[in-house]
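The structure appears right after this line, and notes come after that.
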Amino acid sequence: MNYITEAMNRAKLTNCQSDITFFQALEEVLTSIKPVIKENPKYLENNIIERIIYPNREIRFKIEWLDDKNNIQVNNGYRVQFNNALGPYKGGVRFHPSVNPDILKFLAFEQIFKNAITGLHIGGAKGGADFDPKGKSDKEIMKFCQAFMTAFYNSIGADIDILGGDIGVGEREVGYLFGQYKTLTNSYDSIITSKPIALGGSKGRASATGYGLVYFTQTLLEDMGETLKGKICTISGSGNVAIHAIEKLYDIGAIPVTCSDSKGTIHDPNGIDLALLKQIKLVNRASLEDYAEERKAATYVKREDYEGGSYVWSIPCFAAFPCATQNELGEESAQKLIDNEIKIIAEGANMPTTPQGIELFMKNKIIFAPAKAANAGGVAVSVLEMSQNNSLNYMSAAEVDEKLQGIMSKIYKDIKKTCDKYSLGLDLASGANILGFKRVANALIAQGV
Ligand SMILES: NC(=O)C1=CN([C@@H]2O[C@H](COP(=O)(O)OP(=O)(O)OC[C@H]3O[C@@H](n4cnc5c(N)ncnc54)[C@H](O)[C@@H]3O)[C@@H](O)[C@H]2O)C=CC1
Ligand SMILES: O=C(O)CCC(=O)C(=O)O
């Protein structure tokens, strides 16, 4: 079947040749949907592949803002509104110096299928800026967020495109972004989620991605007669997703022993001190080096002092949760995890495992829970936030948590059913891609051309 090669070649001609990360995401999805295409000629007749691989709109804008010394700073801002067949565009905003059109196109593309897998009516988008929040004062963060929104607010709306959080964008930034939208439009429309509770945010949104990741993993393991209880778990990252995954792992009796940031890794063999981690990352906004100074039992390994991937993946464990960033777990790290007899990988970050890493896990029959399913709890609770904002009917934390558990369990069941239908065994990544693809493709056919 050469439609994949043809579609990839056309995409490469039309998109930018340097869209390496986007093509990686594209190839993974197109390869895994082969059985559906074979079974349903309507998808090729309706030219679904081509209609799905080009973003509807890519917006690029300039952000000018004043730093604390009154110097004028300039950053690039982007929003990729990729596909809105299933509902209004929905996806996070990332502030990180590595942000560029390729990274956002990959994230927006993944978001289409992730959002479809939740069964909720939302399309896929992602945005961000090449702004580095590190070392910026609170006032500078506020000014940058205000300038970002000012440059771009007329492209979004509560029924058009709803923003959310991602790397470098948490409650603080979302609050400033929302505040500026309100000032500019005189409306309280739900144009962004992950808002502080004081501004109509949902209880349980901050913890939803990390908690959802653990719920999904537990459901999957229980189906196989296994459990995370009492098991050593390794986690990368130390942001929103990582911290809440660690919190929920403790709740269910697992032992999370690592975390990391862009400078290095902590291994705390008796279990991560969560209160200390929260203090360092959420309050002080400091480096993990401070953790090692406080906890003498922990080992700290600087990134530059470790060769061969991240030190996190050299620690023996039952389950590994990559929760930092894309392509953080490559072939070498995957081999180390396999040599240490890992049982399951569950992706908290978006596309953290490289294609070579995934291939090794598959070959060695390691259970692999793909990001599109495993981290979908965040965006699902964002939809609960939108629904609470629109109905003015707010849920308790317990109600949100119950709904989140139900959503994660349904996602697993739907993927498992898809795997069974297409004889995919435990290839949950392909099952997830097929499930998401079919929902989007059917909506595209239903809406006409
Ligand atoms: N916040 C959310 O609700 C969701 C986030 N995600 C994904 O989860 C991942 C983490 O996002 P958040 O926790 O929200 O962001 P965050 O900004 O709260 O934390 C990011 C963490 O990753 C670390 N990090 C960044 N680059 C790194 C690198 N090159 N090496 C090692 N560590 C690095 C940072 O030090 C930080 O600890 C991202 O891939 C994001 O796209 C996925 C679904 C929802
Ligand atoms: O809640 C949102 O819209 C952001 C979620 C997100 O960006 C993601 O799922 O990667």
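Predicted model, so just to flag it, every value in this text is computed and none were measured. Numbering of ligands and ligand atoms starts at 1, following listing order.
At a heavy-atom distance under 4.0 Å, only side-chain atoms of T209, from C-beta outward, approach ligand 1. Heavy atoms of S236 found under 4.0 angstrom from ligand 1: none, in either backbone or side chain. Contact annotation for H244 and ligand 1: no heavy atom of the residue comes within less than 4.0 Å of the ligand. The residue K281 has no part lying near ligand 1, judged by heavy-atom distances below 4.0 Å. Only the side chain of Q111 comes within 4.0 Å of ligand 2, counting heavy atoms alone; its backbone N, CA, C and O stay farther away. Contact annotation for R303 and ligand 1: only side-chain heavy atoms (C-beta onward) come within less than 4.0 Å of the ligand.
Using a 4.0 Å cut-off to heavy atoms of S238, the atoms of ligand 1 that qualify are 37 (O). Near R94, with a cut-off below 4.0 Å to any heavy atom, the atoms of ligand 1 are 38 (C), 39 (O), 40 (C), 41 (O). Each of the atoms 6 (N), 7 (C), 39 (O), 40 (C), 41 (O), 42 (C) of ligand 1 lies under 4.0 Å from some heavy atom of N350. Atoms of ligand 2 lying under 4.0 Å from at least one heavy atom of N350, given by number and element, are 10 (O). Residue G348 approaches ligand 1 through these ligand atoms, each under 4.0 Å from one of its heavy atoms: 7 (C), 8 (O), 42 (C). Here is the list of ligand 1 atoms found below 4.0 Å of a heavy atom in N375: 42 (C), 43 (C).
By the 30° and 60° cut-offs, the orientation of the rings of F109 relative to F22 is perpendicular. Using the six-membered ring where Trp is involved, Y211 and Y215 have ring planes that are perpendicular, over 60° apart on the 30 and 60° scheme.
Ligand 2 lies out of reach of S194, whose nearest heavy atom is not under 4.0 Å from it. Residue contact annotation: C323 has a non-hydrogen atom under 4.0 Å from ligand 1.
Judged purely by distance below 3.5 Å, without hydrogens or angles, the side chains of D161 and Q81 pair a donor atom with an acceptor atom. A donor-acceptor contact closer than 3.5 angstrom is absent between the side chains of S207 and K248. Remark: the Y89 side chain and the N83 side chain contain no N/O donor-acceptor pair separated by less than 3.5 Å. Judged by distance alone, the side chains of K438 and T418 never bring a donor and an acceptor atom under 3.5 Å apart.
Considering both main-chain and side-chain atoms, K126 comes within under 3.5 Å of ligand 2 through a nitrogen or oxygen pair. Polar contact with ligand 2: absent for G164 (N/O pair, distance under 3.5 Å).
Summary of contacts: the protein heavy atom closest to atom 1 (O) of ligand 2 is S382 OG, 2.5 Å. For atom 9 (O) of ligand 2, the closest heavy atom belonging to the protein is K114 NZ, 2.6 Å.
When R94, R205, K90 are checked for heavy-atom proximity to atom 5 (C) of ligand 2, R205 turns out nearest.
Protein heavy atoms come within 4.0 Å of atom 5 (C) of ligand 1.
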